[in-house]
Amino acid sequence: MTRSLLLPLSAAAALTALPARANTVDEAINAAIGSVTGPFVSFIFSPFPGTEFPWIVLWLVAAATIFTLYFGFVQVRAFPHAIALVSGKYSDPDDAGEVSHFQALATALSGTVGLGNIAGVAVAVSIGGPGATFWMILAGLLGMASKFTECTLGVKYRNEYPDGTVSGGPMYYLSKGLAERGYSGVGRFLAVAFAICCVFGSLGGGNMFQANQAHAQLANILGDYPGWITGVIFAGIVFAVIVGGLKSIAQVTEKIVPLMGVLYVGTALIVIVMNYDRIGWAFGQILDGAFTGLGVAGGLVGALIQGFKRAAFSNEAGVGSAAIAHSAVRTKEPITEGYVSLLEPFIDTVVICTMTALVIVITGVLQVDPETGTYLWNADLGRVETLGDASGVALTSAAFGSAITWFPYVLAIAVILFAFSTMISWSYYGLKAWTYMFGEGRAQELSFKILFCLFVVIGAAMNLGPVIDFSDAAIFAMGLFNIVGLYVLMPVVKAEMHSYMARLQSGEIRRFH
């Protein structure tokens with residue numbers, strides 16, 4: 001009798017103590033991991049000497065500028081042909097590869113279009129002011145040349161297997177491409193270092209962070225509930241998709257990416273049209289802020305830093321991740337996927353990020369001093385005063401909600417779709433890095449997919465700040481190794497480009513549709 005009463009009481013006590021224990025576990029893990037990874041994170045995101053500009057962002061933007069000049073503004077000249085390629089007009093169904101140009105683009109886009117387009121842009125604009133939008137667009141346009149370079153190489157140096165599957169990406173062009181040019185030892189080191197960082201990045205920023213944010217959005221609508229429930233549901237859906245390989249992933253992303261793009265951009269256009277009388281004013285704020293700062297702390301430099309950071313963090317141009325997805329395209333002409341890939345930063349940054357920024361500016365959620373016309377600066381928070389002191393995703397939600405009261409529900413759907421699509425794309429990136437290090441085979445692939453889904457549950461259930469910080473640093477460290485290889489292999493890409501364009505103009509390369 002006594003024991004039967006004690007069991008329910010002890011069970012109730014245990015359940016009551018779970019949140020406290022979970023917090024204790026989180027804190028213990030945070031402290032342990034933070035002490036080990038802290039120096040690496042600080043190094044990757046440390047400012048360039050004498051400035052406040054993170055050196056890794058400068059590294060990526062400088063490379064994008066060099067590629068733009070070296071390839072003669074390829075992002076402008078090749079844009080129409082890129083549209084023709086992605087529409088399938090030059091696609092030979094007999095070419096080696098697993099997915100179409102459109103599917104490869106959709107898969108890569110699903111890995112970059114995410115919470116950064118919603119919350120990250122809000123942070124950039126609230127700190128750097130409207131002018132950050134201008135520099136974000138410029139960095140996005142420059143980044144198109146980086147994507148062109150890395151994705152061309154991804155296809156050129158990929159491995160093609162008898163069963164029709166392929167493996168490609170920076171791991172392969174760093175090792176094989178640099179070996180061709182007499183740097184085999186350096187290439188192998190860069191490839192392995194890139195692969196290690198890619199695995200960590202896929203499990204953290206490409207997985208745990210996405211699951212965590214998806215749960216947070218669901219909890220805001222449905223009320224607070226244990227995160228592991230969201231994690232288990234997401235893990236089951238993710239596994240059902242990724243177990244079928246890239247073809248299965250591509251079939252999902254080619255449907256999700258257009259849906260979430262139209263949903264989000266369409267809603268933004270509605271808000272902009274509803275505030276049509278402020279469109280000219282908003283663009284004026286963006287241009288003035290880009291060169292004067294409009295009184296925002298940091299002025300021109302602050303706007304430039306925030307804009308460049310957001311573009312680099314959003315489209316990942318130069319990081320090398322997208323080259324893994326683009327490498328699987330059906331083509332025998334590597335340069336064609338380079339052309340298709342340059343559309344990615346344009347859609348991600350120039351279109352979607354700009355829409356977010358424009359809605360935030362045009363709806364007036366950034367507070368302006370009516371007497372001076374400059375933005376009110378909150379020194380304690382280090383950002384512009386905002387409506388209801390909102391920041392991040394809440395600021396974006398407030399901006400849309402000021403015109404459309406039910407937008408928070410649309411935003412929740414968008415965040416969940418963005419999170420899900422990012423997870424399945426990064427599962428493929430991590431998988432290819434995993435198999436590069438441990439060998440191809442069903443056992444190796446299945447082991448990583450199970451590990452990835454386990455981290456979905458962990459990410460949704462726990463608050464692991466230092467883990468996410470480390471994975472973000474690992475993702476940008478990928479760019480450190482990748483761009484070294486891109487500089488060495490630039491002439492290879494230029495030779496491919498000249499050869500292809502000559503054959504296209506002569507009529508040797510023909511349309512199939």
Side-chain angles (χ1 to χ4, degrees), residues 33-34 36-46 54-60 63 108 111-112 114 116 143 146-147 149-151 153-154 157 167-178 185-210 309 312-327 422-423 425-439 444 447-448 451-452 455 459 464-489:
I33 294 178
V36 175
T37 63
F40 172 70
V41 175
S42 298
F43 165 70
I44 292 296
F45 294 118
S46 62
W55 72 266
I56 192 66
V57 174
L58 186 62
W59 174 257
L60 294 170
T112 58
S146 297
K147 282 287 172 84
T149 309
E150 60 193 10
C151 292
L153 293 170
Y157 291 102
S167 290
M171 304 82 70
Y172 295 91
Y173 61 70
L174 288 172
S175 56
K176 295 163 69 174
L178 267 63
V186 174
R188 176 66 177 170
F189 167 77
L190 292 174
V192 172
F194 176 92
I196 292 171
C197 290
C198 186
V199 168
F200 280 122
S202 72
L203 295 176
N207 180 344
M208 296 171 68
F209 175 71
Q210 306 300 324
K309 277 174 63 177
F313 288 7
S314 181
N315 62 49
E316 298 170 13
V319 168
S321 53
I324 301 173
H326 285 284
S327 298
T422 299
M423 282 191 282
S425 293
W426 270 95
S427 73
Y428 182 72
Y429 300 162
L431 172 66
K432 288 303 173 182
W434 181 272
T435 56
Y436 176 80
M437 293 187 291
F438 300 109
Q444 292 93 324
S447 64
F448 179 80
L451 177 68
F452 189 87
F455 273 79
L464 301 174
V467 174
I468 302 303
D469 291 341
F470 173 70
S471 72
D472 284 348
I475 289 172
F476 283 95
M478 290 161 56
L480 174 62
F481 306 117
N482 180 50
I483 286 175
V484 171
L486 296 185
Y487 283 142
V488 177
L489 297 172

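No experiment lies behind these values; they were computed from the predicted model shown. Side chains are part of it too, since the values below use all heavy atoms of this structure and drop only hydrogens, waters and symmetry mates.
Atom-to-atom distance recorded for Ser327:OG and Tyr157:OH is 12.5 Å, nearest 0.5 angstrom. With values rounded to the nearest 0.5 angstrom, Tyr436 atom OH is found 15.0 Å from Gln444 atom CD. Interatomic distance, CG of Asn482 versus CE of Met171, reported as 10.5 Å (0.5 Å rounding). Rounding to the nearest 0.5 angstrom, the gap separating the CH2 atom in Trp59 from the CD1 atom in Ile44 is 11.0 Å. To the nearest 0.5 Å, atoms CZ (Phe209) and CG (Leu203) are separated by 15.5 Å. Atom OG1 in Thr149 sits 9.5 Å away from atom CD1 in Ile483 (nearest 0.5 Å).
Side-chain atoms of Ser202 never come within 3.5 Å of backbone atoms of Ser427 as a donor-acceptor pair (strictly under, hydrogens ignored). Checking side-chain atoms of Lys432 against main-chain N and O of Ser167 turns up no donor-acceptor pair under 3.5 Å. Gln210 places a side-chain N or O within 3.5 Å of a backbone atom of Gly205 that can act as its donor or acceptor partner. In this structure, Ser146 contributes its side chain and Ala317 its backbone to no donor-acceptor pair below 3.5 Å. When atom types are taken as modelled, the side chain of Asn207 and the backbone of Met423 share no donor-acceptor pair closer than 3.5 angstrom.
Side-chain atoms of Phe189 and Val186, non-hydrogen and from C-beta on, never get closer than 4.5 Å to each other. In this structure the side chain of Leu486 reaches within 4.5 angstrom of the side chain of Tyr173, judged on heavy atoms. Ile324 places a side-chain heavy atom less than 4.5 Å from the side chain of Cys198. Taking 4.5 Å as the limit, every side-chain heavy atom of Pro170 sits out of range of all side-chain heavy atoms of Met478. Taking the side chain as every heavy atom from C-beta outward, Val484 and Leu174 never approach each other to under 4.5 Å. Inter-residue side-chain proximity for Glu150 and Val319 is flagged as unmet; no heavy-atom pair is nearer than 4.5 Å. Side-chain atoms of Phe476 and Leu60, non-hydrogen and from C-beta on, do get closer than 4.5 Å to each other.
Other residues, nucleotides and ligands contribute over 12 non-hydrogen atoms within 6.0 Å of the CZ atom of Phe45. Counting heavy atoms of neighbouring residues, nucleotides and ligands inside a 6.0 Å radius, atom CZ of Phe200 does not exceed 12 of them.
Donor-acceptor pairing under 3.5 Å is recorded for the side chains of Glu316 and Ser321.
Trp434 and Phe448 have tilted rings, their planes meeting at an angle from 30° to 60° on a 0 to 90° scale. Using cut-offs of 30° and 60° for the angle between ring planes, the Trp426 and Tyr429 rings count as perpendicular.
Between Cys151 and Ala323, the shortest heavy-atom contact is SG-CA, 3.8 Å.
Taking the six-membered ring for Trp and the full ring otherwise, the centers of Phe43 and Trp55 sit less than 6.0 Å from each other.
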